[in-house]
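Worksheet: the structure to be examined is printed underneath.
For this chain, numbers begin at 1 and follow the sequence in order. When reading the values below, keep in mind they use all heavy atoms of this one structure, side chains included, and skip hydrogens, waters and symmetry mates.
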Amino acid sequence: MDRSPFFADLLNTIADRGRMMLNLVRGDEPVSADSLARLCTRLLSSQGEASGVAYAREILERWRALDADGRLAFLHVLRDRFGTDHARLADAVDAYRDAPDDRTALALHDAAEPARQELLRRLNLSPGGIETLVRMREDLLARLPASPDLAIVDADFTHLLSSWFNRGFLVLRRIDWSTPANILEKIIRYEAVHAIHTWDDLRRRIEPDDRLCYAFFHPQLGDEPLIFVEVALTRAMPLTIAELLADERPPVQPRLATTAVFYSISNCQEGLRGISFGNFLIKQVVEDLRRDLPGLTDFVTLSPVPGFARWLAEQTDPSAAEALNLVANEGWHADPALRERAGQHLLPLAVQYFLEARTTSGKVIDPVARFHLGNGARLERINLLGDLSSRALRQAHGLMVNYSYKLDDIEKNHELFAAKNDVAAAPTVRRLLPKAVVRSATPQLLPPGRSAQP
């Protein structure tokens, strides 16, 4: 998958010669979804490598020239003209029923694959093809809410991108103050959890010895990061994001740190949404940190709770109503009396949110929780006023949580969550679950303001 400059130049040469051979001259017909469909049909029927690369490059160049309506029309072309050949599939089903063996099973498998998948594979022959296909899926995802019928096309993109972006092709790179500026600019732009406002802000996050950042890259996307994680080295599990991002804070010598805190994970490519990198990234970074800093004993997160306020607003029990009444007071978090009363309601409700609340399909509601719990982490602590930013107050009434990656328990926690949606939670968390909804083992939390030692 690694395309060196020499290989890229070679592909461009092949494409140029193929275009001359096929007389594919720009402007020979108007750029439209229909003209792209005809070229796609030729691409699927082409046999030579030069012609295949030429057709692929021409199709992608013409796609980039389409306006919004043209791109939508092309997605419908992919859906309607390059799907499964149902007559061929029916014949393959009959053949398998008559003689169920490996040969007919393979024929059935081949017949079931929509032509779109082979088309996308061949489009990837073009120089820079994979980057354009990622942008094409980004456009597709933006249209799905209004055009759910395109989900079948997205399924084929997801299938192939999951293969092209599997862990074996990804490169882990440390991001520090010596990283090229074009990459640092992207880190600022793509940060999705705790905004980076200035270059000095970025410098405070990546230059000190106790602040680290790692990103995954793909050889075919050059200097475009796929996902990155920011890490703080500390001597305790943090309660608030402010203590990690403070302008003036006492630095920690890495060799004396006991805790690695993953406090921000940001996906960078919208076109790769749903292609999982985060679990690989965290595990790889943990392995590297354990190797380089053997004094680290705890690996935790300080994570947002983006769905809590929306869920709470839908609850009708008296405790939820009282909590909502209290947090409706502007500046409630700065008033000690209001803060204490709100916390008495918010913390048990938050535990209920994590341990008991489910989507209609039975999944844990919170997307960040699903990510970390699915990776085998444990819900370690809920922090009442972990983040006082306007977004956190709006989305979670200031709540943040610590997930803990205890290496001996990761596999067990993952299996229980995957099989039963069981949430691994510390006893201190579970003891705060309201009595009315306790199902089995009873669980707690540290009182607000008390720090947990590693």
Side-chain angles (χ1 to χ4, degrees), residues 1-3 8 56 60-61 63-64 66 68 71-72 74-75 78 116-117 120-121 123-145 150-151 153-175 179-196 202 205-206 213-231 262 264-285 304 306 367-368 370-372 374-375:
M1 295 290 283
D2 185 4
R3 291 189 175 172
L60 295 182
E61 285 183 359
W63 177 83
R64 286 190 286 267
L66 290 173
R71 291 186 177 188
L72 178 59
F74 180 65
L75 290 173
L78 291 179
R116 276 186 302 272
Q117 290 195 19
L120 295 176
R121 290 190 193 98
L123 288 174
N124 193 32
L125 292 171
S126 169
I130 199 166
E131 181 175 2
T132 303
L133 290 172
V134 169
R135 303 294 165 249
M136 195 180 293
R137 183 172 183 252
E138 183 176 341
D139 181 69
L140 167 58
L141 289 173
R143 299 175 186 277
L144 273 180
L150 293 174
V153 180
D154 184 53
D156 293 320
F157 270 96
T158 301
H159 173 73
L160 292 173
L161 290 172
S162 296
S163 299
W164 296 338
F165 285 85
N166 73 50
R167 175 63 187 94
F169 297 130
L170 305 184
V171 178
L172 182 69
R173 288 158 66 176
R174 168 88 182 272
I175 305 296
T179 298
N182 65 317
I183 297 178
L184 295 181
E185 287 174 347
K186 290 166 184 172
I187 297 298
I188 293 174
R189 184 166 74 248
Y190 291 137
E191 165 60 54
V193 185
H194 304 292
I196 301 173
L202 175 65
R205 298 200 196 186
I206 64 175
C213 180
Y214 297 88
F216 267 149
F217 293 81
H218 189 283
Q220 288 197 37
L221 291 187
D223 286 341
E224 278 288 336
L226 306 181
I227 186 172
F228 63 90
V229 61
E230 296 167 68
V231 185
F262 299 87
S264 180
I265 302 176
S266 298
N267 288 295
C268 306
Q269 307 299 324
E270 177 62 17
L272 295 174
R273 188 205 309 167
I275 312 299
S276 180
F277 307 118
N279 54 347
F280 298 125
L281 179 62
I282 288 178
K283 290 172 183 175
Q284 182 67 60
V285 171
V368 178
R370 287 199 300 271
F371 172 76
H372 289 295
N375 285 344

Check your understanding: Should Phe371 and Ile282 count as side-chain neighbours, where that means a heavy-atom distance under 4.5 Å?
Key -> yes
Review point. Step by step, would you call Glu230 with Ile187 a side chain to side chain contact (heavy atoms under 4.5 Å, CB included)?
Key: CA-CA 10 Å; Glu230 296 167 68; Ile187 297 298; 5.7 Å; no
Review point. How about Trp164 and Arg121: do any of their side-chain heavy atoms sit closer than 4.5 Å?
Key: yes
Study note, to complete from the structure: When rounded to the nearest 0.5 Å, the distance separating CG of Leu202 from CD1 of Ile188 is 4.5 Å
Point to revise | Interatomic spacing from CG in Asp154 to CZ in Arg143 - rounded to 0.5 Å | key: 13.5 Å
**Study point:** Test: Arg137 cationic atom under 6.0 Å from Phe157 six-membered ring centre, within 45° of axis
**Key:** no
Check your understanding: Only one of Arg135, Glu131, Glu138 forms a side chain to side chain donor-acceptor pair (under 3.5 Å) with Gln269, so which one is it?
Key -> Arg135
Review point. If you look at every heavy atom in Ser266 and Tyr190, which pair is closest and at what distance?
Key: CB-O, 3.5 Å
Check your understanding: Should Leu72 and Leu150 be marked as a side chain to side chain contact (heavy atoms under 4.5 Å, CB included) after you check the CA-CA gap, both sets of side-chain angles, and the distance that decides it?
Key -> CA-CA 10 Å; Leu72 178 59; Leu150 293 174; 4.1 Å; yes
**Study point:** Test side chain to side chain contact (heavy atoms under 4.5 Å, CB included) applied to Asp156 and Leu78, step by step
**Key:** CA-CA 10 Å; Asp156 293 320; Leu78 291 179; over 6 Å; no
Exercise for review: Check whether the side chains of Thr179 and Arg174 place a donor and an acceptor atom closer than 3.5 Å, and report yes or no.
Suggested key: no
Practice item. Report the distance from atom CG of Asn182 to atom CG of Asp223, rounding to the nearest 0.5 Å. Key: 5.0 Å
Check your understanding: Is there a side-chain contact between Leu170 and Phe277 (heavy atoms, below 4.5 Å)?
Key -> yes
Exercise for review: Please check if the side chain of Glu191 supplies one atom and the backbone of Val193 the other of a donor-acceptor pair under 3.5 Å.
Suggested key: yes
Review point. Any side-chain heavy atom of Leu123 within less than 4.5 Å of one from Trp63?
Key: no
Check your understanding: side chain to side chain contact (heavy atoms under 4.5 Å, CB included) between Leu272 and Leu161: does it pass, once the steps are laid out?
Key -> CA-CA 8 Å; Leu272 295 174; Leu161 290 172; 4.1 Å; yes
**Study point:** Side-chain donor or acceptor of Asn124 paired with backbone N/O of Gly129 under 3.5 Å
**Key:** no
Practice item. State the OG1-CZ distance between Thr158 and Arg273, to the nearest 0.5 angstrom. Key: 10.0 Å
Exercise for review: Classify the ring geometry between His218 and Phe165 as parallel (under 30°), tilted (30 to 60°) or perpendicular (over 60°).
Suggested key: tilted
Point to revise | Pro225 to Ala215 - nearest heavy-atom pair and separation | key: CB-CB, 4.3 Å
Check your understanding: Gln284 versus Tyr214: any side-chain heavy-atom pair under 4.5 Å?
Key -> no
**Study point:** Leu160 versus Gln117, closest heavy-atom pair with distance
**Key:** CD1-O, 3.5 Å
Revision key, fill the gap. Between Leu120 and Leu133 the two heavy atoms that sit nearest each other are O-CD1, 3.7 Å
Review point. Closest approach of Leu141 and Pro145, non-hydrogen atoms and distance?
Key: O-CD, 3.6 Å
Check your understanding: Could you give the distance from CE (Met136) to CD1 (Ile130), rounded to the nearest 0.5 Å?
Key -> 12.5 Å
Point to revise | Heavy-atom pair with the smallest gap, counting every atom of Ser162 and Ile275 | key: OG-CD1, 3.4 Å
Exercise for review: Rounded to the nearest 0.5 Å, what's the gap from OG on Ser264 to CD1 on Ile196? Could you check?
Suggested key: 7.5 Å
**Study point:** Contact check, side chains of Phe216 and Leu172, non-hydrogen atoms, under 4.5 Å
**Key:** yes
